[in-house]
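Notes follow once the structure below has been shown.
Note that these values count all heavy atoms, side chains included, but never hydrogens, waters or copies made by symmetry. All chains are named by letter (A, B, ...) in the order of the sequence lines, taking the proteins before the strands, and each is independently numbered beginning at 1.
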Protein chains: 2
Amino acid sequence: MSPRRVTLADVAKAAGVSRTTASLVLSGRGRELRISHDVEQRVLKAAEELQYRPNIVSVGLRTGTSRTIGFVSDTVATSRLAGDMIKGALEAARDRGFMLFIGETEGDAALEGLLLQAMQDRQVDGLILASMFTRTIKLPKGITAAPTVLLNALSKQPTPLPAVLPDEVEAGRSAARVLLDAGHRDGIYLIGAGPSLRDVPSGSVAAVERLVGIREALGEAGVKVAGARVCPDWQPEYGLAAAQDLLRTTRPRALICFNDRIAMGVYQALDDFGLKVPADVSVVSFDDHPIASWMRPKLTTVALPHYELGRKAVDVLFTEIDRDRSDPDRVGEVHRVPMPVRSRDSVAPSATAESLD
Amino acid sequence: MSPRRVTLADVAKAAGVSRTTASLVLSGRGRELRISHDVEQRVLKAAEELQYRPNIVSVGLRTGTSRTIGFVSDTVATSRLAGDMIKGALEAARDRGFMLFIGETEGDAALEGLLLQAMQDRQVDGLILASMFTRTIKLPKGITAAPTVLLNALSKQPTPLPAVLPDEVEAGRSAARVLLDAGHRDGIYLIGAGPSLRDVPSGSVAAVERLVGIREALGEAGVKVAGARVCPDWQPEYGLAAAQDLLRTTRPRALICFNDRIAMGVYQALDDFGLKVPADVSVVSFDDHPIASWMRPKLTTVALPHYELGRKAVDVLFTEIDRDRSDPDRVGEVHRVPMPVRSRDSVAPSATAESLD
DNA sequence: TATCGGCGCTAACCCGATTTAGCAAACGAA
DNA sequence: TTCGTTTGCTAAATCGGGTTAGCGCCGATA
């Protein structure tokens, strides 16, 4: 029914040459192997007219490559973060003519093993192991076969695999700087974690790193955190509860929320207490979740650069693929992707700052 | 470096038989071709011990298959809908040992063409053409090569391709029924589209179908829509504006919002006018966007079954793949996936209904 | 004893490309 | 004229399986 695909043999026949010659010309090696200009043109013309495209499966069998990358994540659906990350990876891969296999493990090691096998069986040229929230993972064994990059994840064991992560420490500094730049020096409270580095939800790398950055930036400005409330889980209801608890005893001037979902609960608590954002209380947050721009006033937040993370992971993977594989004792580099501040409407200059004018 | 893959030849040698025999045994055709039990066991044992897995690329070259499906959508990132849809497709494919190629066209026809070519070059066994919001699409040409299913999309031209879509009309009926069941008969307003079938955002299939369902269900109960406001785009700000406009002149008893983002704006407008959900006004909506369960009170909404849509598309695709390809003049079936009601806290019995007790 | 047929297995070809090794013709130098 | 070299191309092997055609052996039959 469907017309058979055009093969190299068809092109060769049309050009009146052997398959070898056609292959050489089309792979660009015709020049160095002294194929005559005349023959070269005949082959190119035939390929053009027949709309020849090499069968990648066949090339794959011969060369062991597939122009394909495997993207294995623990979750693609639960957090929407995945979408942009995959999109970034997709586009970076497409720029090089690569396709992406998507796989989801749901945190199941057995499933992960099967998935990696299935990808190896299809001769993927490289793997990206992604986690949807930053964390340390146990490396599945048997991934040495293909070049691999960790995305939004760090290995528990030392590993030669490179990793791509958001620069959370710098993000913490950015959040603090947003408030400092607005003149805030007093009444800065944290919602979600802190004030000490031990006061974090267990297993959250982001919490620790954001906290480190916040404390560094504030410390350098000689500003102290006025207080903090830990949230066991970074969901709106915990943000609400934490903020209510805080507001019963205090009137903060600025709040740093550890993510946007917390900030959503915090907004509600502030509203309950009759406090206006940003006139009474400035709020800055992390993630740039879609809701951040839906909240009223729109939330100023330090964005997780999902798209860039995805792109970067693929870029790093390509350098891995191109790299000379002989170096045995190299250590996986950690690439940090900047988290940009999305300045919106939830931060106002502090009253004290204005009075200094 | 990495130990070479185990091939069929290795298994054959270990079992002391020819590659042919090993292939026959492992493909299950040993029985019918009278391979002795002894030899069969030796082959199976060798394959087991060597952990033999066939190279799918090789099989692909010979048989033209790849145990792979191409999933091409206009967008994977912008709307989070994609995540669950892909997840459903992923799992359904995995159940059959298939992998998914993901591609994104961004509505660019040229890009779509390239993507489809790239997938054909990799010999995908089938294609899913997905749209992230329900709409009619122009079919790219040259997709006759592989079995194809439309997901969340309808073809502009008549086509033999099956389509998988959410059952929006029934969803409209469901939304109406939620209010009817709560005793609402008066003061029911629509926000987003209506009251006439012409009052819809252009190009929105969902708007028309939901509206049809709503009007049918209400009509059958002898209830009339009290009024409606169209939103040019279904975003919170338009919902806010539409509701404000409505509330300046009216006191509705129940609102049917055409999606959750509109409902979010509507909540705010109701709050501005000092009206409580659901005590003063019941609200029902569509989509079950993640924010629906974050809103306070939690929003009752008719869910887009993304996961099921993804699964269903793959299931339908497999029946296409298995189908006898000879039937030339069949018409693409349209499969409708039910949209379930998520009953939460935004609908209360109407005051009149209670007074009847 | 030659023939036939079933049994159990294998040689060889195929898929569509890449790549190695090598061949024939033309040319130059001795 | 002869040998060596360069030029320009091709035959054949290869990747790892699936598949077709057929081979050798055995026992039964004529």
Side-chain angles (χ1 to χ4, degrees), chain A residues 2-44 46-47 50-68 97 120-123 125 145, chain B residues 2-44 46-47 50-67 120-123 125 145:
Chain A
S2 62
R4 197 181 51 78
R5 256 189 93 101
V6 175
T7 72
L8 184 62
D10 298 327
V11 174
K13 180 147 56 139
V17 300
S18 71
R19 270 169 33 231
T20 307
T21 306
S23 173
L24 291 175
V25 169
L26 293 173
S27 64
R29 307 208 308 133
R31 276 290 146 68
E32 69 187 82
L33 283 170
R34 300 170 310 230
I35 301 294
S36 69
H37 186 255
D38 172 48
V39 166
E40 182 181 39
Q41 289 307 310
R42 291 209 319 268
V43 170
L44 291 175
L50 296 174
Q51 298 207 51
Y52 169 71
R53 281 179 290 130
N55 179 327
I56 294 188
V57 173
S58 170
V59 176
L61 181 57
R62 185 64 231 263
T63 64
T65 64
S66 58
R67 306 188 69 73
T68 298
Q120 279 173 16
D121 293 350
R122 288 166 177 81
Q123 298 193 160
D125 297 323
Chain B
S2 61
R4 201 182 48 78
R5 258 189 92 99
V6 175
T7 71
L8 186 61
D10 298 327
V11 174
K13 181 147 54 138
V17 299
S18 71
R19 275 178 18 241
T20 306
T21 305
S23 173
L24 291 176
V25 169
L26 293 173
S27 64
R29 307 210 305 134
R31 275 289 146 67
E32 71 187 81
L33 282 171
R34 302 169 308 229
I35 301 293
S36 70
H37 186 257
D38 173 47
V39 165
E40 182 181 39
Q41 288 307 310
R42 292 211 315 271
V43 170
L44 291 176
L50 295 173
Q51 298 207 50
Y52 170 70
R53 279 179 291 130
N55 180 328
I56 294 187
V57 174
S58 169
V59 176
L61 181 56
R62 184 66 229 262
T63 64
T65 64
S66 59
R67 305 189 70 72
Q120 279 173 16
D121 293 349
R122 287 167 178 79
Q123 297 192 159
D125 296 323

Give the rounded distance in Å between these two atoms: CZ of Arg122(B) and C1' of dA17(C).
-> 15 Å

Closer than 4.0 Å, any side-chain N/O of Ser36(B) to the OP1 or OP2 of dC9(C)?
-> yes

Starting at the 5' end of DNA chain C, which residue's closest nucleotide do you reach first, Val57(A) or Arg19(B)?
-> Arg19(B)

State whether Thr21(B) places a side-chain N or O below 4.0 Å from either non-bridging phosphate oxygen (OP1 or OP2) of dT10(C).
-> yes

Winner on side-chain proximity to Leu61(B), out of dG17(D), dG16(D), dC9(C), is dG16(D)

Would you indicate, yes or no, if dA17(C) has its OP1 or OP2 atom less than 4.0 angstrom from a side-chain nitrogen or oxygen of Ser58(A)?
-> no

Of the non-hydrogen atoms in Ala47(B) and Leu26(B), which two are nearest, and what is the gap between them?
-> CB-CD2, 4.0 Å

What distance separates Asp10(B) CG from Arg19(B) CZ, expressed to the nearest 0.5 Å?
-> 11.0 Å

Does Tyr52(A) make a side-chain N or O approach to OP1 or OP2 of dG16(C) shorter than 4.0 Å?
-> no

Compare the minimum distances between each of dT20(D), dG17(D), dA11(C) and the side chain of Ser18(B), then state the nucleotide with the smallest one.
-> dA11(C)

Spacing between Asp121(A) atom CG and dG16(D) atom P, to the nearest angstrom | 13 Å

Of the nucleotides dA17(C), dG17(D), dG18(D), which has the atom closest to the Ser23(B) side chain?
-> dG18(D)

At under 4.0 Å between heavy atoms, what does Thr20(A) touch on the DNA or RNA strands: base, sugar-phosphate, or nothing?
-> base

Below 4.0 angstrom from OP1 or OP2 of dC7(C), is there any side-chain N or O of Arg34(B)?
-> yes

